[in-house]
Amino acid sequence: KKFDATITATGSTVAPEISASSAKEKYKTISTFTTTTTANQNRNTNVRLAAEAINGTVIKPGQEFSFNGTVGQRTEAKGYKGAAAYNNGEVVQEIGGGVCQVSTTLYNAVFKAGLKISSRRSHTFEPSYVTPGRDATVSWDQPDFKFINNSSTAIGLRASYADQKVTVAVYGIPILEDGVTWDLESKKVEDLGTPNPTYEEDQTLQPGAEVTKSKGSAGSRWETYFDFFETNFNKKFEKFNFLLQAHWDYKCLVSITKVYRTPDWCFVYIFFFCPFHAFNRRHEILSLILAWIHHFSLPPLCKYYVFPVG
């Protein structure tokens, strides 16, 4: 059998939808957003690394961008540091703490560009670097922040950190019509108050001492609006509000205070050092012992003392 043959192919030249020269002319910065960080060096290291990870990313038409998919897991091997983060209502040290500021800055930039948000969640507690309701929390591997390039051409991301400021810019051919801009606006509708503090026992403290482990904060309820601005040919400026999401609830952060607790060995005195004839008065004796301990602020070594009772 003959397995080789010559086939003549025919084709035609197809012009691109947009030429290289036209693309260079039309591509521009279509949105930008900046937030200010803290003075915490570890946190700023995490912010810088996350910004560097998304810098230069190109998203094709119809493609979905994932913050976690692009930045990846935040690990010490990548240079991420331990910094403050929320966990079960407490402020804890977490590797990669602070990267939510980058996802939040990105969220605001892509929204203003007119891109389609496909996955976004607000924080449990109020953020300090942006108005509540305009934030986008992330963690590994969920929650994630995602958006879709709903334009007909590719877009690019520029992200940078310097001097306690993180900036994200979106480059591309404008998606919104001339004279149209999008923005977000949040309004507080209710204060949820500050809850009563909780207490934890800490035997390393002196009797009567109290130490604040973490401060509490008030909760709040916010409404976020989609602001649509349009300037027509007559230079008339108009603004329309659309309620994006009613009631973003930011929880109260409970204050936790460490307190000294009288050691369990006090009860040992009652049952092992009390004379038999005083055993029936053990509750009265216990009260006297506790009062004596607190009055003189005795250290734990007082468990070796013998109290004259009976």
Side-chain angles (χ1 to χ4, degrees), residues 23 26-37 47 50-51 53-67 70-71 99-123 126-138 143-162 164-188 222-232 235-246 248:
K26 292 182 178 181
Y27 265 80
K28 62 178 69 175
T29 302
I30 57 179
S31 70
T32 184
F33 198 79
T34 299
T35 57
T36 302
T37 67
V47 169
I54 66 175
N55 184 47
T57 302
V58 175
I59 302 100
K60 298 178 181 179
Q63 182 181 353
E64 184 178 52
F65 171 92
S66 162
F67 183 89
T70 303
V71 176
V99 298
C100 290
Q101 183 158 356
V102 180
S103 59
T104 292
T105 308
L106 174 64
Y107 166 55
N108 283 268
V110 299
F111 183 89
K112 292 175 67 177
L115 296 163
K116 182 180 179 180
I117 309 301
S118 53
S119 179
R120 171 260 172 187
R121 185 186 300 178
S122 63
H123 286 80
E126 284 189 16
S128 60
Y129 46 82
V130 75
T131 305
R134 299 185 61 152
D135 54 317
T137 185
V138 292
D144 194 4
F145 170 64
K146 300 178 181 180
F147 68 90
I148 297 172
N149 179 6
N150 52 316
S151 71
S152 58
T153 55
I155 62 166
L157 300 178
R158 288 284 179 85
S160 62
Y161 166 80
Q164 296 184 17
K165 292 186 182 297
V166 56
T167 299
V168 175
V170 180
Y171 285 78
I173 296 177
I175 301 170
L176 303 177
E177 297 179 2
D178 288 341
V180 174
T181 57
W182 288 5
D183 205 350
L184 292 168
E185 180 182 1
S186 290
K187 300 177 181 178
K188 183 189 289 189
W222 296 71
E223 288 180 345
T224 303
Y225 291 85
F226 166 20
D227 288 345
F228 179 91
F229 301 90
E230 182 176 15
T231 304
N232 60 25
K235 303 300 180 182
K236 183 180 179 181
F237 181 75
E238 295 184 272
K239 173 183 175 181
F240 304 93
N241 284 105
F242 302 92
L243 184 62
L244 275 183
Q245 174 67 48
W248 295 114

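- The CG atom of Asp183 lies 5.5 Å from the NZ atom of Lys112; values are rounded to the nearest 0.5 Å.
- Side-chain atoms of Asn55 and Arg158, non-hydrogen and from C-beta on, do get closer than 4.5 Å to each other.
- If you run ring pair (Phe, Tyr, Trp, His ring centres under 6.0 Å) between Trp182 and each of Phe229, Phe226, Tyr225, only Phe226 comes through.
- Taking CD from Glu126 and OG1 from Thr131, the interatomic distance works out to 10.0 Å, rounded to the nearest 0.5 Å.
- For the atom pair OG1 of Thr137 and CZ of Arg121, the computed distance is 8.0 Å after rounding to the nearest 0.5 Å.
- No donor-acceptor pair closer than 3.5 Å links the side chain of Thr167 to the backbone N or O of Ser160.
- Across all their heavy atoms, Ser31 and Ala109 have their closest contact at OG-O, 2.6 Å.
- The distance from atom CZ of Phe228 to atom CG of Leu176, rounded to the nearest 0.5 Å, is 8.0 Å.
- Between Gly114 and Ile175, the closest heavy-atom pair is O-CG2, 4.0 Å.
- A donor-acceptor distance shorter than 3.5 angstrom exists from the side chain of Ser118 to the backbone of Lys146, with no hydrogens or angles considered.
- A pairwise comparison of heavy atoms in Ala169 and Thr29 identifies CB-CG2, 4.1 Å as the closest pair.
- Side-chain contact check for Ile54 versus Phe65: some heavy-atom pair is nearer than 4.5 Å.
- Aromatic rings of Phe33 and Phe111 (six-membered ring for Trp) have centroids beyond the 6.0 Å cut-off, not under it.
- Side chains of Gln101 and Thr37: no donor on one and acceptor on the other come within 3.5 Å.
- Shown here for Ile30 and Gly172, the closest heavy-atom pair between the two residues is CG2-O, 3.4 Å.
- Using a 4.5 Å heavy-atom threshold, the side chains of Thr105 and Tyr129 count as separate.
- Using modelled atom types, one finds no donor on one side chain facing an acceptor on the other under 3.5 Å when comparing Ser119 with Asp144.
- Here the closest non-hydrogen pair linking Val71 and Ala50 is CG2-O, 4.1 Å.
- Side-chain contact between Tyr161 and Val102 is absent, with no heavy-atom pair separated by less than 4.5 Å.
- A donor-acceptor contact shorter than 3.5 Å links the side chain of Asp135 to the backbone of Gly133.
- Side-chain contact between Leu115 and Val170: present, with at least one pair of heavy atoms (C-beta onward) separated by less than 4.5 Å.
- Side-chain N or O atoms of Asn149 include one that pairs as donor or acceptor with a backbone N or O of Lys60 at under 3.5 Å.
- Under the 3.5 Å distance criterion, the side-chain polar atoms of Arg134 are matched with a main-chain donor or acceptor of Leu184.
- Here the closest heavy-atom approach between residue Lys26 and residue Pro174 is recorded as O-CD, 3.8 Å.
- The distance from atom CZ of Phe145 to atom OG1 of Thr104, rounded to the nearest 0.5 Å, is 9.0 Å.
- Annotation: the span from Ile155 atom CD1 to Thr57 atom OG1 amounts to 10.0 Å, rounded to 0.5 Å.
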